Structure formats: structure tokens, C-alpha cells
2 protein chains.
Amino acid sequence: MDEKKITIFDVAEKAGVSKGTVDRVLHNRGEVSKKSEAKVREAIKLLNYEPNLYASLLATKSKREIALLLPKYNKGEYWEMLYDGFVAGGEAVSSLNISTNVFLYDQYDSASFKTAAERMLESRPSGVVIPPLFKNDTMELVNKLNAMDIPYVYVDTRLEEGNYLAYYGMPMYKSGYLCASLLTDRRREDEVKEIVVVRIQRDKSRLSDPTINRRAGFTDFIETYFPECVIYNLFIDPSDARSTNEALESFHELHPGIKHVVMFNSRVHLLSDFFKRHPDNQRCVIGYDNLDGNVEAVREGLVNLLITQHTDRQSHDAVVTLADYIIMRKQPPIRDCYVHMDILNKYNLENY
Amino acid sequence: MDEKKITIFDVAEKAGVSKGTVDRVLHNRGEVSKKSEAKVREAIKLLNYEPNLYASLLATKSKREIALLLPKYNKGEYWEMLYDGFVAGGEAVSSLNISTNVFLYDQYDSASFKTAAERMLESRPSGVVIPPLFKNDTMELVNKLNAMDIPYVYVDTRLEEGNYLAYYGMPMYKSGYLCASLLTDRRREDEVKEIVVVRIQRDKSRLSDPTINRRAGFTDFIETYFPECVIYNLFIDPSDARSTNEALESFHELHPGIKHVVMFNSRVHLLSDFFKRHPDNQRCVIGYDNLDGNVEAVREGLVNLLITQHTDRQSHDAVVTLADYIIMRKQPPIRDCYVHMDILNKYNLENY
DNA sequence: AAAAATTCCGTGACCGTGCACGAAAATCAC
DNA sequence: GTGATTTTCGTGCACGGTCACGGAATTTTT
């Protein structure tokens with residue numbers, strides 16, 4: 001009712017100083033004696049003072065910037081969604097005098113990550129969003145960020161260190177488990193004897209396969225409920241459509257009866273051509289992520305289900321979370337935000 | 001770059017008037033000659049002026065209120081989710097000097113709707129959120145709102161008139177279609193011969209069954225792809241657990257082999273007890289809406305799938321949309337917002 | 001045409017905070 | 001103890017609106 005809004009003046013009065021001093025304390029701008037600072041902080045706590053965001057925003061001139069460190073990508077690839085969400089988040093907070101900036105690197109070249117990180121640091125951002133692809137390099141970066149007191153948010157995956165402001169991502173293990181449950185839904189054991197997992201050649205030689213946990217979840221489910229089932233691994237090269245198709249064809253000749261196909265990365269659309277040539281309405285295909293190509297494949301009935309998340313919302317929320325923290329020192333209510341795993345089929349992908 | 005922010009002064013100068021006049025035009029506060037008004041509007045358009053929200057919020061004293069007209073509900077019922085989202089939306093816009101207020105009525109008593117609507121109008125809200133249960137009464141209300149120039153947003157369902165600001169809801173017909181597709185996923189025709197649809201006794205005698213379109217979508221799918229299939233209707237009384245169970249038991253005795261059970265309203269949890277007594281892992285049960293009871297039923301494996309939407313987000317977004325419109329006359333980008341239909345099973349309901 | 005009534009419009013005091021400027025107080029050097 | 005530094009602090013304008021007040025311009029009345 002009588003919500004008398006307390007202002008910086010009230011605090012100043014209570015502390016026996018001027019509003020200028022209170023302001024200095026509020027923004028840790030220094031030039032305040034320890035004694036005064038103590039009194040001001042006391043008064044702030046006592047009065048339960050919260051600064052008026054609007055007055056602050058109106059008066060301030062300082063511009064902030066939030067940076068995103070992202071792998072280079074081609075149109076329609078996974079990382080594009082993170083990028084889009086980041087931009088959208090930037091628009092959402094642009095009225096808070098916060099802008100955004102993206103630094104790209106080559107996801108197969110650790111050195112390029114380092115230089116991108118270096119450039120990013122030089123831009124002196126007020127906050128950073130990172131999908132931590134290179135574990136060690138990211139760790140190094142994060143140490144510097146901590147030293148510079150720059151908050152950062154993980155998206156996609158997360159490192160096991162303790163200083164990130166928040167994390168947005170899909171629970172990988174569970175997403176594999178979910179996939180297996182959908183693939184085998186209401187099937188008897190003798191109906192699921194063989195499964196093909198299509199994988200990316202390049203990931204084999206990589207330090208860390210990004211889908212490893214997902215695969216683990218999937219395998220655990222199958223081994224528990226379909227112990228007799230055989231899981232084949234088929235490797236393809238996403239950059240070479242011809243070799244991909246050849247690999248698929250020759251595998252198909254070898255194992256013509258396989259009805260269950262799964263792909264743990266976001267590239268299940270690469271199989272569309274093959275499925276078009278070999279239609280089979282007994283087949284069940286499950287992939288991940290709502291890339292345009294994947295969605296189209298579901299629409300055409302080539303892929304049955306997609307397990308997705310609002311990837312763009314991850315980076316969007318990351319930006320908003322950072323902005324809230326930068327402007328108002330507001331801690332996010334939940335630090336580890338596992339986004340919901342959506343299940344998309346032909347009939348519910350329209351409004352996604 | 002040189003994003004020189006244009007202020008009310010720039011507009012005033014361009015129009016050859018004072019800022020006071022511009023302000024009067026901006027808020028349709030009258031006391032402006034047609035000539036001046038025209039010049040001001042011209043200048044606004046020319047300069048592409050947008051008022052500074054923060055300055056406005058800082059200076060304004062006026063309080064606004066957004067009202068929600070909602071059926072009375074018990075804890076754990078569908079309408080509670082709309083309520084929760086409304087409250088959450090209210091918190092999100094509270095800093096815009098906007099508060100919220102809820103007016104409850106008896107969903108089976110048209111007269112109580114009318115008095116609630118009357119009370120609501122007397123509170124002179126700046127915006128209204130309505131799930132239009134009573135078509136005619138809502139129409140009457142809406143006419144008054146239009147006359148009073150009060151914007152309103154539909155949630156849940158929508159009337160076929162043209163003046164609402166926005167609508168948030170699930171595409172009912174499609175949600176039935178989706179349900180049928182999931183129920184029969186990868187089934188051969190001879191595997192789906194009988195389906196039970198459990199319905200609410202009371203809805204039979206009601207003017208309009210709220211699930212009618214959903215049922216239509218469901219039936220259309222089944223008739224298309226499983227023309228031989230028989231759909232049974234079983235009516236229960238949600239307020240009487242004993243009679244419900246009796247109805248289920250006697251139906252079960254009559255048709256013991258039925259493996260497919262569907263419920264089109266949000267009360268599939270009412271069947272939990274029965275399923276507990278008659279476990280059958282060949283059975284497939286699909287319901288709607290993520291009420292706690294329903295979620296629990298999925299977790300326990302009594303219900304296979306839930307088709308849900310973020311019901312709370314409907315009313316939440318409704319409030320935010322209204323606030324944006326009230327404060328900044330911002331039209332929502334999409335007027336008819338069909339929210340995405342989520343599919344929930346045992347393995348992806350945790351983070352929902 | 002002057003007076004009265006209306007309509008229209010400019011002015012200026014806020015709203016609560018940020019920040020530059022310079023004065024006051026405290027510390028230091030000798 | 002005096003002057004020079006350095007530290008600490010108060011003051012006042014700016015930010016871009018809102019809105020009440022009262023005066024100017026216009027219309028109406030007599």
C-alpha cells in the first residue's frame with residue numbers, strides 16, 4: 001500500500017552523507033572512506049534499498065557488450081541456431097544499453113580458438129557466452145575471465161568448474177535414453193534386433209566426441225531392455241555426399257532388414273536422399289535438433305522423430321541472464337538449466 | 001553508429017509546437033487543435049520517433065491494472081495453470097506500474113460469469129485476459145470492452161470475432177490428430193481395432209463440449225488410417241471417484257481386450273487407480289495437459305504419453321502482450337499464437 | 001467591438017540516478 | 001606550522017519524459 005519508494009536520497013540521509021557518496025558505493029567507484037562506505041552499506045541494508053532501474057538506465061551513458069565465442073558454421077548447421085538466439089537475446093537487452101558481438105573460430109583448430117578468445121578479451125566485454133568445445137583452451141580462457149571479473153555463461157555443454165554464472169543445455173545422457181525409449185516404444189524384444197547408429201567419420205579421430213554421453217544413454221537403455229539387440233556403427237563423411245551415399249548403400253546391401261536408424265548429432269538430414277530411394281514405412285528413424293533440413297525430412301516422412309530443444313533459447317537466455325547480472329547483479333534463480341527435450345513428429349512441428 | 005536518439009523535443013521542434021503538445025498528442029489527451037495534431041503526427045512519423053520507455057516510466061504516476069476472468073478451480077486442476085501463468089506475467093510487468101487482478105466465477109453457471117464480468121468492468125481495467133467459456137456471455141462482455149476501448153486477449157480458446165488483441169492457445173483439431181498419430185504409431189491396421197475414449201458425463205449436457213474439435217481431429221485420423229477401428233465412448237463423473245471406478249470396471253469386463261485408451265480433457269489421472277489395479281504393459285494411454293496428477297501417472301508408467309502445452313505461458317504471454325500494448329501501443333507480431341504441442345513421456349518430463 | 005467563455009498550448013517542476021567538477025578534509029613533506 | 005598533495009565528498013546539471021498550471025489565442029456572447 002504505502003509502498004514509499006526509497007531513493008538514493010533516503011539512503012544518503014540515513015547514512016549522513018550525500019547521494020554522490022552513496023552512488024560511489026553502489027558502483028564500487030572508490031573515492032570513499034571506509035567509514036562512510038560502511039555507513040552507506042548499513043543504510044542500504046537497513047532500508048532495503050533497490051535502485052530504480054529506469055532512472056538508472058535513463059541517466060547512464062555507459063555502453064556494455066556481451067560476447068559470444070562460436071564455431072564458424074555454414075547456413076543450416078547447428079551452430080547457426082545458437083547464433084540466432086544470441087542475436088535475438090541481444091535485441092531483447094539492447095534497450096539496456098547492452099550490445100552483442102560474436103567471435104568465430106574454426107571448430108577443428110584449437111589455435112584458432114585461442115586467437116578468437118584473445119581478440120574477444122581485447123574487446124573487454126562485460127559478459128561472455130561460451131559453448132566450450134575445447135576443454136583445455138576453454139579452461140584457460142575461463143581463468144582469465146575470472147581474473148578480470150567478467151561473468152560468463154556456458155551453453156550447449158559445460159565444464160566442471162565452479163565459477164560460471166549459469167549453464168543452459170540439454171541433458172545429453174538422458175537425451176540418448178529418451179531416444180532409445182522412443183525407438184523401441186511398445187516393441188517386443190523380438191521386434192528390435194538390430195539398430196544402426198550413423199556417425200561422423202571425423203568424430204572418431206577427435207579428442208572428444210560431442211555425442212558420447214548421448215550414445216551412452218542410448219546404449220544403456222538398449223542393453224537393459226533389449227539385451228539381444230545388435231548396434232551397428234556406420235561412419236559417414238558429412239562433407240562428401242557421394243561417399244555418404246555409397247556407405248549407406250553398401251551397408252544396406254549387407255544388412256537389408258534393419259528397421260531402426262538413429263543419428264546422435266544434428267545431421268540426420270544427410271540420410272534423406274538415401275531414404276527417398278529406399279522407402280520403407282516399417283523403418284523408424286530418429287535424429288536430433290530442428291535444423292531446417294531435419295524438419296523437412298520429418299515433414300516428408302523420411303525421418304520419424306526429432307528430439308530437439310530450443311537451442312536458440314539457450315543462447316537467448318544466456319544473454320538475458322548475463323544482462324540481468326551485469327545491470328542489476330541479479331543471480332539467476334537456477335544455475336544449471338537443463339532445457340526440456342521436445343519430441344517432434346510430422347504432426348506437431350508446425351508451431352515449433 | 002550515430003544513432004542520435006530523437007526525443008520529444010525534436011518532434012516538438014519539427015512540428016513547431018512545444019513538448020507539452022506533443023505529449024498530449026502521444027497520449028490522446030485532447031486539448032489539441034486538429035492542425036497541431038496533424039503536424040505533430042507528421043513529425044513523429046517523419047522522424048520515426050519512439051518514446052523512451054524508461055523516461056516515461058520514471059515520470060509517470062498512473063497505475064494500470066490487467067484483469068483475468070477465470071473459472072473457480074481446485075488445486076491441481078487445469079485452470080490453476082492459467083492462473084499461475086497470469087500471476088507470473090503480472091510479476092514480469094509489475095515494474096511497468098502494472099498490477100494484476102483475478103475475477104473468478106463458476107464455470108457451470110452463466111449468471112455467475114455475468115456478475116464476475118460486471119465486477120471486473122467496474123474495476124476499470126486497462127486490459128483483460130479471457131478464456132471464453134460461455135460464448136454468448138463473452139460476446140456481450142467483449143462488446144462492452146470494445147465500447148470502452150479496453151484491449152483484451154483470449155487464452156485457451158477463441159471467439160470468432162475480430163477485435164481481440166491476441167489469442168494464445170492450442171490448435172484443438174490438430175492436437176486430436178496428433179494424439180491419434182501417436183496412439184497408432186507404427187501399428188498395423190490389425191493391431192488397432194478398438195479404442196476407448198473416456199469422457200466427462202457433464203460435458204454431454206453442456207452447451208458446448210470444450211474438447212469437440214480435438215475429438216474431431218482424432219476421429220478423422222482414425223477413420224482415415226484405421227477405418228475398421230471401433231471407438232467406444234465411456235462416460236465418467238470426475239467428482240465421484242467410486243462411480244468412475246465402477247464405470248471403468250464394468251466397461252473392462254465387457255471389453256477386456258482394449259489396449260488403446262484416450263482422454264481428451266485434462267483428467268486422465270482419474271484413471272490411475274484403475275490402471276494400478278489392472279496393469280498391462282501392452283496398453284497405450286494418452287492424455288492431455290501436464291497437471292501434477294497426470295505427470296505423476298506418466299512417471300509411474302500408468303499413462304504413456306501426455307500431449308501438453310505450456311498452458312501457464314499462454315496467460316503469461318497474454319499479460320505481457322497486453323502490457324506492451326497498454327504502455328507502448330505495441331501490436332503483437334502474431335495475433336493468433338498457436339503454442340507448440342509438447343509430447344511428454346516418462347523420460348522427458350523432468351525438465352518441463 | 002468589447003467582454004466572457006472556451007479552446008489551445010507553453011512552461012517548468014518533478015521522477016531517481018549518473019557523473020563531472022571543484023571544494024573540503026585529511027595526509028604528507030619539510 | 002605551513003604549503004603541497006592526495007583523498008574524500010557535496011553540488012548541480014543531464015537524461016527524456018509527465019502533468020498541472022496559467023496565460024495566449026480563438027470563439028462566443030452581449
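Note that the structure is predicted; figures quoted are calculated from it, not measured. The analysis underlying the following values was restricted to heavy atoms, covering all of them including side chains, and did not include hydrogens, waters or symmetry mates. Naming convention: chains lettered A, B, ... in sequence-line order (proteins, then strands); numbering from 1 in each chain.
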Side chain to side chain contact (heavy atoms under 4.5 Å, CB included) with T311(A): which of Y78(A), Y168(A), W79(A)?
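When Y78(A), Y168(A), W79(A) are each tested with T311(A), the side chain to side chain contact (heavy atoms under 4.5 Å, CB included) holds only for Y78(A).
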key: Nearest heavy atoms of I327(B) and L96(B), plus distance in Å   =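 The pair with the smallest heavy-atom distance is CD1-O, 3.7 Å.
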In residues 10-18 of chain B, which ones come under 4.0 Å of DNA chain C, going by heavy atoms?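 Heavy-atom cutoff 4.0 Å gives V17(B), S18(B).
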Would you please confirm or rule out a distance under 4.0 Å between OP1 or OP2 of dG10(D) and any side-chain N or O of T21(A)?
-> yes
**Message:** Tell me whether the side-chain N/O atoms of S33(A) come closer than 4.0 Å to OP1 or OP2 in dT7(D).
**Reply:**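 Answer is no, no contact under 4.0 Å.
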Practice item. Evaluate side-chain contact (heavy atoms from CB on, under 4.5 Å) for L26(A) paired with Y49(A), printing each intermediate quantity in order. Key: CA-CA 11 Å; L26(A) 280 173; Y49(A) 165 75; 3.8 Å; yes
Notebook entry, point to check: Under a 4.0 Å N-O cut-off, is there an ion pair linking E37(B) with R41(B)?
Noted result: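 Salt bridge present between E37(B) and R41(B).
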| query | Is the closest basic N to carboxylate O distance between K330(B) and E50(B) below 4.0 Å? | reply |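 No, K330(B) and E50(B) are not salt-bridged.
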Round to a whole Å and report the spacing from NZ of K34(A) to P of dT8(D).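 Checked: the NZ to P distance equals 8 Å.
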Atom NZ of K35(B) and atom P of dA25(D) are separated, to the nearest Å, by 13 Å
With sequence neighbours left out, the residues meeting side chain to side chain donor-acceptor pair (under 3.5 Å) with S33(B) are S36(B)
Side chain to side chain donor-acceptor pair (under 3.5 Å) test vs D336(B) passes for just one of Y164(B), Y154(B), Y167(B), namely Y164(B)
Readout for nucleotides 14-21 of chain C: B = base within 4.0 Å of protein heavy atom, S = sugar-phosphate only, - = neither; 5' to 3' it is -BBBBB--
Crowded around I334(B) CD1? As in, over 12 foreign heavy atoms under 6.0 Å?
no
